[in-house]
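Structure first, then comments.
The figures that follow rest on heavy atoms only: side chains count, while hydrogens, waters and symmetry mates do not.
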Amino acid sequence: MSSLSKHNSIVADLSLAPEGHLKIDWVRQHMPVLNRIREQFEAEQPFKGLKVSITLHLEAKTAYLAKVVQAGGAEVTITGSNPLSTQDDVCAALVEDGITVFAKYNPSPEEFKALNIKALESKPDLIIDDGGDFATLLHSERPDLMENIRGGAEETTTGIIRLKALQKQGMLKFPMVAVNDAYCKYLFDNRYGTGQSAWDGIVRTTNLIVAGKTVVVVGYGWCGKGVAMRAKGLGANVIVTEVDAIKAVEAHMDGFHVMPMLEAAKRGDFFVTVTGNRYVIRGEHYDVMKDGAILCNAGHFDVEVNKPELAERSVSQRTVRKNIEEYQLKDGRKLYLLAEGRLVNLGAADGHPAEIMDTTFALQALSLKYVNDNYKSIGVKVENVPYDLDEQVARYKLESLGIAIDSLTQAQTEYLDSWNLND
């Protein structure tokens, strides 16, 4: 049952706020880069008088980002980008902290969409988007809500693909900064964050050993690299499937077996999809899988594992453990799907480690300030994160770790400039 707060928020239960505050305080202590940016925002008030709407996986780390943006003077509204990753206690805590929240765990698809729309009805000046969900709603169904938007920042590969499609069609109406494409995002968040958090979700949910098992990683982008690396570290035999020849060679040279999905399907004990594409595990693969194979997804949408074809091949379906759905096939084999095929690291765990999201959300906060300061000159397009912002986040991170690095001497700088290497 939803509760209505004094901020007109819609959350599950305001009485859960104390536990949510504890979670947010815990991650705050492990996010030194974002803490530094918060101090800067409190002093400069870059968002004073502005409305900011955010859609992200609504757990403690995201909550702290919202509080940092709020500290910069913004009136913040937030909703969840995935129905299974929203944490009700965190939502309640944010309401107590003066942030408007439209989110709760596991709403129906219709309610989930309605909550997202509610988060845009404030007619924000700036947005932080995840998967392009806000941008898609604004451009396709509710253009009346975008009249004040100066621009925003996008978190994911999927979202950037959707935004660039809008741009290519000449339909994009405001600038968006591609946070996902920043070095500090895909090198660290996608690789180390997804690599660890996907296995956090799998291990926490199944309580099974990974060592000695065969893990099939579907896709060898930055997320796939991280998932494969961590599977290897847990003692698994790792197979990679790919459609990109260059990435396939890279996976081979990184020490992994590479083969077509139909062959890998016969061998795998665990399957993890990280492609961003649709139905990469489907009917013909189910037909040859081992009894007891475990399937999960770490891509943005729940389309990578073909659930309709899995259901069609099944004679029964039941929940055998929280976030584990058993499908018994007609020949008696059983296949197990984790977290409904949604993001396993957020649907069945707490997402990326706080130290990883510290750098990613620092990029989000600084990118939001950048687009607010420069939206007129950027124009209507998908803009990359400026390298100096990306590097600044890395420097803050090094400082928080007590690590110093060298700087170029004047002679070295002049030498490089003479070769135009810095152009």
Does L84 offer a backbone N or O that forms a donor-acceptor pair with the side chain of N82 under 3.5 Å? yes
Please walk me through it: do D97 and Q70 pass side-chain hydrogen bond (donor to acceptor under 3.5 Å, both in side chains)? CA-CA 10 Å; D97 288 338; Q70 181 191 43; over 6 Å; no
Parallel, tilted or perpendicular: which fits the ring planes of Y183 and Y387, with parallel below 30° and perpendicular above 60°? perpendicular
E250 side chain to A245 backbone, donor-acceptor under 3.5 Å: no
E309-Y279 side chain donor-acceptor pair, cut-off 3.5 Å: no
Are K185 and D181 close enough for a salt bridge, meaning some N to O gap below 4.0 Å? no
Measure the shortest side-chain to side-chain distance between D125 and I149 over non-hydrogen atoms and say whether it is less than 4.5 angstrom. no
Between the side chains of Q29 and D25, does any donor sit under 3.5 Å from an acceptor? yes
For N345 and Q196, which I'm curious about, is there any donor-acceptor pair between the side chains at under 3.5 Å? no
All heavy atoms of I78 vs all of A66, minimum pair found to be CD1-CB, 4.1 Å
Exercise: identify the closest heavy-atom pair between D129 and L56: O-CD2, 4.3 Å
Answer whether the closest heavy-atom distance between the side chains of K290 and D269 falls below 4.5 Å. yes
Is I281 close to N306 at the side-chain level, that is, under 4.5 Å between some pair of heavy atoms? no
Between Y327 and Y286, is the ring centre distance below 6.0 Å? no
With no hydrogens and no angle check, is any side-chain donor or acceptor of N372 less than 3.5 Å from a backbone partner on L368? no
What are the two closest heavy atoms between L363 and L389, and how far apart are they? CD2-O, 4.4 Å
Take H285 and F271 through the side-chain contact (heavy atoms from CB on, under 4.5 Å) test and state the conclusion after the steps. CA-CA 11 Å; H285 305 135; F271 294 82; over 6 Å; no
Between R282 and E284, does at least one N-O distance fall below 4.0 Å, as a salt bridge requires? yes
Closer than 4.0 angstrom, basic N to acidic O: yes or no for R142 and E121? yes
Cationic N near anionic O, under 4.0 Å, R267 to E263: yes
What pairs of residues pass the ring pair (Phe, Tyr, Trp, His ring centres under 6.0 Å) test when at least one of them lies in residues 50-89, not counting sequence neighbours? none
Can you see which heavy atom on V11 is nearest to which on C91, and at what distance? CG1-CB, 3.8 Å
Any side-chain donor paired with an acceptor under 3.5 Å for H352 and D189? yes
Keeping E59 on the side-chain end and T62 on the backbone end, is there a donor-acceptor pair under 3.5 Å? yes
So, are D200 and R230 salt-bridged, with charged N and O less than 4.0 Å apart? no
Is the shortest distance from a Lys or Arg side-chain nitrogen in R313 or D287 to a carboxylate oxygen in the other one below 4.0 Å? yes
Verify, without hydrogens or angle tests, whether D88 (side chain) and Y105 (backbone) share a donor-acceptor contact under 3.5 angstrom. yes
Is the shortest side-chain N to carboxylate O distance from E326 to R321 below 4.0 Å? no
Would you name the heavy atoms of A119 and F134 that are closest together and state the gap between them? CB-CZ, 3.9 Å
Could you walk me through whether V238 and V217 pass the side-chain contact (heavy atoms from CB on, under 4.5 Å) check? CA-CA 7 Å; V238 181; V217 179; 4.1 Å; yes
Is it true that a side-chain atom of E154 and a backbone atom of G131 form a donor plus acceptor pair closer than 3.5 Å? yes
With distance as the sole test, does E340 use its side chain to make a donor-acceptor pair with the main-chain N or O of R342 at under 3.5 Å? no
Determine, for F41 and K369, whether the Lys NZ or Arg CZ falls below 6.0 Å from the six-membered ring centre while staying within 45 degrees of the axis. no
With the threshold set at 4.0 Å, does a side-chain nitrogen-carboxylate oxygen contact exist between R162 and D133? yes
Charged N to carboxylate O under 4.0 angstrom, E304 versus R278? no
Given T158, N190, I161, D130, the one that forms side-chain contact (heavy atoms from CB on, under 4.5 Å) with N180: N190
So does T409 get a backbone contact from the side chain of Q412, meaning a donor-acceptor N/O pair under 3.5 Å? yes
What are the two closest non-hydrogen atoms of N323 and A348, and how far apart are they? ND2-CA, 3.8 Å
Taking K225 for the side chain and Y220 for the main chain, is one N or O donor matched with an acceptor at less than 3.5 Å? yes
Do E141 and K113 sit within salt-bridge range, that is, some charged N less than 4.0 Å from a carboxylate O? yes
Worked check of side-chain contact (heavy atoms from CB on, under 4.5 Å) between L126 and F47: CA-CA 9 Å; L126 298 163; F47 308 123; 3.8 Å; yes
Give a yes or no answer on whether the side chain of R191 reaches the backbone of L187 with a donor-acceptor pair at less than 3.5 Å. yes
Working note: R150 + L50, criterion side-chain contact (heavy atoms from CB on, under 4.5 Å); need CA distance, chi angles, decisive distance, verdict. CA-CA 10 Å; R150 300 178 176 186; L50 300 179; 3.8 Å; yes
